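One structure is given here, and the rest of the page talks about it.
If you're wondering where the values come from, they're calculated on a predicted model, not measured in any experiment. Both backbone and side-chain heavy atoms feed into the values below; hydrogens, waters and symmetry mates do not. In what follows, chains carry the letters A, B, and so on, assigned in the order in which the sequence lines appear, proteins first and then strands, with residues in each chain numbered from 1.
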Protein chains: 2
Amino acid sequence: MANRSMFTKQAKVLRVLAHESRLMIVDRLSRGECSVGDLRDIIGGDLSTISKHLALLRAHGIVEDRRERTTVYYRLLTPCVSNFFTCATQVLKERSR
Amino acid sequence: MANRSMFTKQAKVLRVLAHESRLMIVDRLSRGECSVGDLRDIIGGDLSTISKHLALLRAHGIVEDRRERTTVYYRLLTPCVSNFFTCATQVLKERSR
DNA sequence: CTGCTACTTGACAGATAGGCCAAATAGAAA
DNA sequence: TTTCTATTTGGCCTATCTGTCAAGTAGCAG
């Protein structure tokens, strides 16, 4: 179970989530689906940048998109990614002691 | 609680763990302290590379070192990082459905 | 002091990642 | 068809990350 390719896969998942903007996206989507524009309003920066973060999350099976008229809505496919927030917070707390 | 600097900090923790070798180090240390040489035997590659991974983990308060004669032993300071393995595995499982 | 073992640090090259602008595309409306 | 809105994709440039080799350091033995 604890073989090398296992660690490689886990590292990839972590890598995808290890970014401020992508964490914000996941956090927002954990409270329900929303459009790319909505996410840009929260995160700021160029719309194309947000779109690329979403493409990365989608490529890793973490989010899914749905088009309605001209708007694209994204939603979380793996709600368990929210557990990473708990884990990360725990590490931050534990090391501050 | 869910402000920007919070996400930045969490992303940094994730970033540090988002590497195959560093995950292997954490996994090994979760089963007890060991030397840099021991870790190189598990991970392979240059000793200096292992040492740099350890320096990064140490800089982020995840591991601690202790010297005994000429050997340096590392140990996990935040055992809760092991939870990331559970989280990552869960995401891998969830998205494969 | 010299040498040996076990690491660490510095320098540097190659690989990745992140962000912005501009151009392309999809769907709906005029 | 042309236009408008919402989003994606392609370049491109800069910044950060990784790994390797070489040189430096720490502790101990001879």
Residue B:Thr70, side-chain heavy atoms: nucleotide from C:dC20, C:dT5, D:dA29 that is nearest:
C:dT5
Checking all strands, does A:Thr49 fall into the base, sugar-phosphate, or nothing category for heavy-atom contacts under 4.0 angstrom?
base
Once you apply a heavy-atom cut-off of 4.0 Å, does A:Tyr73 come out as touching a base, just sugar-phosphate, or nothing?
nothing
Can you find a donor-acceptor pair, distance only, under 3.5 Å between B:Ser48 side chain and D:dC21 base?
yes
Let me see the working for B:Leu29 and B:Val63 under side chain to side chain contact (heavy atoms under 4.5 Å, CB included), right down to the final yes or no.
CA-CA 9 Å; B:Leu29 295 184; B:Val63 300; 3.7 Å; yes
Which of A:Arg66, A:Glu33, A:Arg58 passes side-chain hydrogen bond (donor to acceptor under 3.5 Å, both in side chains) with A:Tyr74? It is A:Arg58
When the nearest nucleotide of DNA chain C is assigned to A:Arg67 and to A:Leu56 on a heavy-atom basis, which residue is associated with the more 5' position?
A:Leu56
Do the non-hydrogen side-chain atoms of B:Arg28 and B:Leu39 ever get within less than 4.5 Å of each other?
yes
A:Arg40 CZ to D:dT5 C1', straight-line distance once rounded to whole Å:
12 Å
Distance, rounded to the nearest Å, where A:Ile43 contributes CD1 and D:dT7 contributes P:
13 Å
Does A:Lys52 make a side-chain donor-acceptor contact with the base of D:dT7, cut-off 3.5 Å?
no
Rounded distance (Å) that lies between atom P of D:dT8 and atom CZ of A:Arg58:
6 Å
Does any non-hydrogen side-chain atom of A:Leu23 lie less than 4.5 Å from one of A:Phe84?
no
Using a cut-off of strictly less than 4.0 Å, decide whether A:His53 has a side-chain nitrogen or oxygen near OP1 or OP2 of D:dT8.
no
Distance, rounded to the nearest Å, where B:Leu57 contributes CG and C:dT8 contributes C1'
15 Å
List the atom of B:Ser30, the atom of B:Asp27, and the distance in Å for their closest heavy-atom pair.
OG-O, 2.6 Å
Nearest to the side chain of A:Arg69 - C:dC7, C:dG19, C:dA29?
C:dA29
Rounded to whole Å, the CD1-P distance (A:Ile50 to D:dA6) equals 16 Å
Hey, is the side chain of B:His19 poking within less than 4.0 Å of OP1 or OP2 on C:dT16, counting only N and O atoms?
no
Taking atom P of C:dC7 as reference, at what distance in whole Å does atom CG of B:Asp41 sit?
10 Å
B:Asp46 atom CG is separated from C:dT8 atom P, nearest whole Å, by 12 Å
What's the CZ-C1' distance between B:Arg22 and D:dC17, to the nearest Å?
8 Å
Between A:Tyr74 and D:dT8, is there a contact of a side-chain N or O with OP1 or OP2 at under 4.0 Å?
yes
Assert: residue with more 5' nearest nucleotide on DNA chain D, out of A:Arg15 and A:Ser35, is A:Ser35
